[in-house]
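Following: one structure in structure tokens, then a few remarks.
The structure displayed is predicted, hence computed values, not measured ones. Each chain gets a letter, A, B and so on, in the order the sequences are listed, and its residues count up from 1.
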2 protein chains.
Amino acid sequence: MSTAEETAGGETEPWEEVTPDAARRLLVAAVEAFAERGYHATTTRDIAGRAGMSPAALYIHYKTKEELLHRISRIGHDRALDILRTAARTEGSATDRLAEAVSSFVRWHAGRRTTARVVQYELDALGPDARAEILALRRQVDGEVRGIIEEGVAGGEFDVIDVHGTTLAVLSLCIDVARWFNVDGPRTPDEVGALYADLVLRMVGAAK
Amino acid sequence: MSTAEETAGGETEPWEEVTPDAARRLLVAAVEAFAERGYHATTTRDIAGRAGMSPAALYIHYKTKEELLHRISRIGHDRALDILRTAARTEGSATDRLAEAVSSFVRWHAGRRTTARVVQYELDALGPDARAEILALRRQVDGEVRGIIEEGVAGGEFDVIDVHGTTLAVLSLCIDVARWFNVDGPRTPDEVGALYADLVLRMVGAAK
DNA sequence: GCCGAAGCTGAGCGCCCGCTTAGGGCGCCC
DNA sequence: GGGCGCCCTAAGCGGGCGCTCAGCTTCGGC
């Protein structure tokens, strides 16, 4: 852990599961390029150039440009789901768990903004099969948050009429952080996480 | 007013300011294509085809493909700002005005989802000058919402510590509706508008 | 009935895209 | 130390992109 980026969300070193080294460098380069310009505006020559390789090198490790996006999206969604599952399983009241889920989820979207941006906003560039796989992960993400809210309502901690709609709004709020968060802006990921946890507890009517 | 789409947000017929007729048809076709596939994945041949014209016809009415996006973005932001200004100027408490601002803003993002999607998510495809012009409009959008919240805090109606951060979150919540709203889904724009107005009033700590 | 302007099309230019192929360098194993 | 397999590059293919241009049709004014 040597840089601010690496400690974001207190997570393990990202992309370490991607081997060999050249494949990981290409993938990291693709994340940066996709986040900056969008998938369709990014060329394979740009990705290879950022990784210090020739355009042809990309095709040794990945069949197509779309496979790169698929791998990024898959790993990113796995990580997002892992964050929410960890929060949902911690001990404490529904209020505690919802606050932890929102703050850690938001910290990830802010601290790992480039990854989150690709993961959350380039889904439409995937083909039907890959998109279906990712959408299944998204339903699990939705389920984790909805579960906490349902428990809070059942236990009398929360006051929510439309659980599905509120779940959608909470996730939407967190995800959109990847769109507007600015690394050079006035807020740290931790600060946004704390603010958003407070706002979400208000949304579900949790007692102070 | 003959279709559900046209009555969304109770607004006037959109794009009527775009003349001549062929230019408007091209612009409407571009909105649909950009919303479906994104700006970079849309070809000028696709836009012209949707408008029932040859590819060359596009360049009689617009200098470049980017000018089309610029015009769409400009008109859309003007409309969004108009909606918020109207809500901010209505009579009533800050609570009433914030509820009206959020519900009408959300109704527009849901009911005019294709337009809103292009307006809110394709900003990065514009060149520096056009982007700067649009960002100025966004600051005005932000100012309208922040103004209502500040008045609510000053008048004791709201309980908000971080006004800027809360304003950002409220706008983020509304804007992201354009990403997830599904016309074939279970909720109408009116229903989402009402739900979101309630959630936002909770976020600012407005009394019931 | 003629003319110019406006609107549009068919053809296509030059460019850059995603991706392929042939072959070279280098380390590892016997 | 010779052969093999893994990575990688230089070069380039086929195609689709944004955009252009010469010329055709249509129509209002006189």
d([atom1], [X]; [atom2], [N]) in whole Å:
| X | N | atom1 | atom2 | value |
| --- | --- | --- | --- | --- |
| A:Ile60 | C:dT20 | CD1 | P | 12 Å |
| B:Leu58 | D:dC21 | CG | C1' | 16 Å |
| A:Leu26 | D:dC7 | CG | C1' | 12 Å |
| A:Leu69 | C:dG18 | CG | P | 13 Å |
| A:Tyr62 | D:dC8 | OH | P | 11 Å |
| A:Lys63 | C:dG18 | NZ | C1' | 15 Å |
| A:Met53 | D:dA10 | CE | P | 13 Å |
| A:Tyr59 | D:dC13 | OH | P | 17 Å |

Check the interface with nucleotides 23-27 of chain C: list each N/O to N/O pair with the protein under 3.5 Å, or write none.
none

| query | So which of A:Ile149, A:Ile148, A:Asp142 actually passes side-chain contact (heavy atoms from CB on, under 4.5 Å) with A:Arg146? | reply | A:Asp142

| said: Measuring from the side chain of A:Pro55 (C-beta onward, heavy atoms only), which nucleotide among C:dC19, D:dC8, C:dC8 has the closest atom? | reply: C:dC19

Please check this pair: side chain of [X] against backbone of [Y], looking for a donor-acceptor N/O pair closer than 3.5 Å.
| X | Y | answer |
| --- | --- | --- |
| A:Glu67 | A:Lys63 | yes |
| A:Arg113 | A:Arg179 | yes |
| B:Thr166 | B:Val163 | no |

| task | May I ask you to check if A:Lys65 and A:Tyr39 form a cation-pi contact, with NZ or CZ under 6.0 angstrom from the six-membered ring centre and within 45° of the axis? | result | yes

| field | Polar contact flag, side-chain donor to acceptor under 3.5 angstrom, A:His109-A:Gln120 | value | yes

| Test applied, salt bridge (charged side-chain N to carboxylate O under 4.0 Å, His left out); reference residue, B:Glu133; option that passes from B:Arg71, B:Arg74, B:Arg139 | B:Arg74

| query | Is any NZ, NE, NH1 or NH2 atom of the basic residue among B:Arg50 and B:Glu36 found under 4.0 Å from an Asp or Glu carboxylate oxygen of the other? | reply | yes

| request: Answer whether the closest heavy-atom distance between the side chains of A:Ile175 and B:Trp180 falls below 4.5 Å. | output: no

| Stretch residues 27-50 of chain B: residues that reach within less than 4.0 Å of DNA chain C through a heavy atom | B:Arg45

| task | Check whether any side-chain N or O of B:His61 sits under 4.0 Å from OP1 or OP2 of C:dC8, and answer yes or no. | result | yes

